[in-house]
Amino acid sequence: MERLPNLIIFLNLLLMASTLANAHVVKSMFPFGDSLFDPGNNHFTKNCTIQADFPPYGSTFFKRPTGRFTNGRTVADFISQYLGMELQLPYQELRQQIANGTRKEFPDNGISFASAGSGLLNTNADCGISPIQVQLQQFQALIDNNHIRKDQIKNSLFLLESGSNDIFDFHISLFPRLFPSAHVEKLVKVVVNVIDKLTSLGARRIAIFGVGPMGCIPATVLLPHLPIAPQTACNDRINNMVTHYNTELQKLVNDIPKKYPGVKSLYGAVYDLTQTFRADPKRHGFANVNEACCGAGPKNGKVQCGLNGTRMCENPSDFLFWDYFHPTEHTYELLAKAFWDGDTKCARPINLQALVNT
């Protein structure tokens, strides 16, 4: 019986340690970018034609379409869960709720501004999406109108992932107006401007994610005017631009501590991780890394999932790709886990867990 009080003390200390371990400095999160993060902004955007608000999108986790371009949660959703937060709602949904009186104020856990199909340039702007510049304007307006506090910004995590749609758009043109290197340089200049803007508004923790192997997704390997490399089963021309762009992003991240004193950042290696999954599918729980789970045509890469004539696989978790452009929830979960507590092959110079506790 004498040991019982000691056991209670030990358990209480253990509980306290666990609580402290989960008591992150970061209390809110603001994702910017495209479909890797978008929780449904396009669905709430009038006249936006790039949509995933119909079945079977969202069927695995949410059991309904949410506007996410996958069968469940996105990378941003998993990161939010690692932080112990509720999932960030779309800015466009929150704006409408406040306008119609169903919500009084914006939430304290952050807001997602990400818009699927968007880019660093005006890519797909005619489709009604919100380019990265518009996303920043939305964020700025909330600050100007005192909907987001400065102390909240200081203790927030900012996610940035953009560029994949700009790179795809470059390659679907038969006669690009720029050399590949000039196009990458143009994209990187915009990223620099985004970082300048976020830091000027008070951001102190910024996670910047590279672009994945765009040349390997079902839609791009079917482009008739671009050759496929037999040894990789991918379009190396697209992947070469992606790796060039990613290399420049890593340089930006390395320069952030010098250029913006007090700002912490990391680079998330989406490309490297995805190629690791493709190289050893079984180890990562995949049975198919070349075809989409849902779609139509060769590799299910010709028609968007859910449209007439498409079919869906029995187990989406077996697939790397959900539809002709986007990964499955299983892929996103693996990526998020690697970014959260992986080594420098996954995130560098530190991982997300370290970033949110500094």
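Worth knowing before you read on, the calculation uses all heavy atoms, side chains too, and leaves out hydrogens, waters and symmetry mates.
A donor-acceptor contact shorter than 3.5 Å links the side chain of N41 to the backbone of Y91. A donor-acceptor pair under 3.5 Å is formed between the side chain of K63 and the backbone N or O of T60. Looking only at distances, a side-chain donor or acceptor of S118 sits under 3.5 Å from a matching main-chain atom of G33. The backbone N or O of D77 sits nowhere less than 3.5 Å from a side-chain atom of S80 that would complete a donor-acceptor pair. In this structure, Q92 contributes its side chain and N42 its backbone to no donor-acceptor pair below 3.5 Å. Side-chain atoms of R348 do not come within 3.5 Å of backbone N or O of D343 as any donor-acceptor pair. Judged by distance alone, with hydrogens and angles left aside, the side-chain atoms of E248 form no donor-acceptor pair with the main-chain N or O of V184 at under 3.5 Å.
Not counting sequence neighbours, the partners of E185 by the salt bridge (charged side-chain N to carboxylate O under 4.0 Å, His left out) test are K189. Residues satisfying the salt bridge (charged side-chain N to carboxylate O under 4.0 Å, His left out) criterion with K337, sequence neighbours excluded, are D341. Checked against disulfide (SG to SG under 2.5 Å), C313 has the following partners two or more places apart in sequence or in another chain: C293. By the ring pair (Phe, Tyr, Trp, His ring centres under 6.0 Å) test, H183 pairs with F170, sequence neighbours left out. Listed by chain and residue number, nothing satisfies the disulfide (SG to SG under 2.5 Å) test with C346 (two or more places apart in sequence, or in another chain). With sequence neighbours excluded, the residues satisfying ring pair (Phe, Tyr, Trp, His ring centres under 6.0 Å) with F139 are F30, F32, F113, F158. Partners of F78 under the ring pair (Phe, Tyr, Trp, His ring centres under 6.0 Å) rule, at least two apart in sequence or in another chain, do not exist in this structure. Every residue was checked against the ring pair (Phe, Tyr, Trp, His ring centres under 6.0 Å) condition with Y267, not counting sequence neighbours, and none meets it. Under the salt bridge (charged side-chain N to carboxylate O under 4.0 Å, His left out) criterion, D318 pairs with no residue, sequence neighbours left out. Applying the salt bridge (charged side-chain N to carboxylate O under 4.0 Å, His left out) rule to K186 yields no partners; only residues at least two apart in sequence or on another chain are considered.
Heavy atoms of other residues, nucleotides or ligands lying less than 6.0 angstrom from CD of Q231 number more than 12. Enclosure of atom CD in E86 is not indicated, since only 12 or fewer non-hydrogen atoms of other residues, nucleotides or ligands lie within 6.0 angstrom.
When all heavy atoms of F69 and S35 are compared, the closest pair comes out as CB-CB, 4.2 Å. Of all heavy-atom pairs between T310 and L307, the closest is OG1-O, 2.7 Å. Between I111 and Q88, the closest heavy-atom pair is N-CG, 3.9 Å. Contact between R149 and D108 at its shortest, heavy atoms only, is NH1-OD1, 3.8 Å. Nearest approach of V242 to V211, heavy atoms of both residues: CG1-O, 3.4 Å. Shortest non-hydrogen contact noted between I256 and S265 is CD1-OG, 3.4 Å.
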Can you check side chain to side chain donor-acceptor pair (under 3.5 Å) on D166 and T123, steps first, answer last?
CA-CA 6 Å; D166 303 299; T123 303; 2.5 Å; yes

Yes or no on side chain to side chain donor-acceptor pair (under 3.5 Å) for Q138 and R95, after CA distance, side-chain angles and deciding distance?
CA-CA 10 Å; Q138 294 165 349; R95 184 182 64 84; over 6 Å; no

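L87 and F37 fall into different hydrophobic clusters, where Ile, Leu, Val, Met, Phe, Trp and Tyr residues are linked whenever their side-chain heavy atoms come under 4.5 Å apart, directly or through other members.
T328 contributes atom OG1, which lies 6.5 Å from atom CG of L320 (distance to the nearest 0.5 angstrom). Note that CG of L226 is 4.5 Å distant from CG of N235, once rounded to the nearest 0.5 Å. Taken from CD1 in I148 to CG in L142, the straight-line distance is 4.5 Å, to the nearest 0.5 Å. Taking CD1 from I228 and CG from L222, the interatomic distance works out to 8.0 Å, rounded to the nearest 0.5 Å. Here CZ of F321 is found 11.0 Å from CD of E291. Values are rounded to the nearest 0.5 Å.
For the pair D151 and K154, the salt-bridge criterion is not met [side-chain N within less than 4.0 Å of a carboxylate O].
Among pairs with a residue in residues 208-274, those fulfilling disulfide bond (SG atoms under 2.5 Å apart) read C216-C234, at least two apart in sequence or across chains. For residues 329-358, the pairs satisfying ring-ring contact (aromatic ring centres under 6.0 Å, His included) are H24-W340, Y82-W340, F209-F339, F286-H330, with sequence neighbours left out.
When only modelled atom types and interatomic distance are considered, T232 and D236 share a side-chain donor-acceptor pair under 3.5 Å.
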